[in-house]
**Q** 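Can you keep this structure in mind? I'll have questions shortly.
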Amino acid sequence: MKTLREVKVGETCKVVKLHGEGAVKRRIMDMGITKGAEIFVRKVAPLGDPMEVNVRGYELSLRKADCEMIEVE
């Protein structure tokens, strides 16, 4: 299982599954990160938190903990 956290800068991946539950999962889905969505990793902060990604044509900053809940291929 590979998570969004492991994707390198400049790579594109596809969401396979969202882990987590309740409000956190709902918040991730509300940001447009759903099964089948393509995510492009733009930048990662020097200490690894947060990550800046492009999803569905807009930019998002995601915390490390949130990235670990997103399974990708």
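Given the structure is predicted, the values throughout are model-derived calculations rather than measurements. Keep in mind that the numbers below use all heavy atoms, side chains included, and drop hydrogens, waters and symmetry copies.
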**Q** Please report the shortest heavy-atom distance between L18 and I33, naming the atom on each side.
**A** CD1-O, 3.4 Å

**Q** For G32 and V55, which heavy atoms make the closest approach, and how far apart are they?
**A** O-CG1, 3.6 Å

**Q** When rounded to the nearest 0.5 angstrom, what is the spacing between CZ in R26 and CD in E21?
**A** 14.0 Å

**Q** Taking CZ in R63 as the centre, count heavy atoms belonging to other residues, nucleotides or ligands within less than 6.0 Å. Is the count above 12?
**A** no

**Q** Roughly how far apart are S61 OG and D66 CG, rounded to 0.5 Å?
**A** 11.0 Å

**Q** For the CG atom of L62 and the CD atom of E68, what is their distance to the nearest 0.5 Å?
**A** 12.0 Å

**Q** Determine whether V44 and V72 fall in the same hydrophobic cluster, where Ile, Leu, Val, Met, Phe, Trp and Tyr are linked whenever their side-chain heavy atoms lie under 4.5 Å apart.
**A** yes

**Q** Kindly determine whether E73 and K17 satisfy side-chain contact (heavy atoms from CB on, under 4.5 Å), including the steps that lead there.
**A** CA-CA 10 Å; E73 60 179 10; K17 186 176 180 191; over 6 Å; no

**Q** Take atom NZ in K2; do more than 12 heavy atoms of anything else shown fall under 6.0 Å from it?
**A** yes

**Q** Return each pair, listed once, that meets side chain to side chain donor-acceptor pair (under 3.5 Å) where at least one residue sits in residues 41-57; pairs must be two or more places apart or across chains.
**A** T34-R56, R42-E52, R42-E59

**Q** Using a 3.5 Å cut-off and no angle test, enumerate the donor-acceptor pairs between side-chain atoms of residues 4-12 and protein atoms at least two apart in sequence or in another chain.
**A**
residue : atom : partner : partner atom : Å
R5      : NH2  : G48     : O            : 3.4
E6      : OE2  : T3      : N            : 3.3
E6      : OE2  : T3      : OG1          : 3.2
E11     : OE1  : K8      : N            : 3.2

**Q** Drop me the distance from L60's CG to I39's CD1, to the nearest 0.5 angstrom.
**A** 8.5 Å

**Q** Any chance you could measure M29, atom CE, to I70, atom CD1, to the nearest 0.5 Å?
**A** 11.5 Å

**Q** Side chains of V41 and M51: does their closest heavy-atom pair fall under 4.5 Å?
**A** yes

**Q** Can you get from V53 to V24 by hopping between Ile, Leu, Val, Met, Phe, Trp and Tyr side chains that sit under 4.5 Å apart?
**A** yes

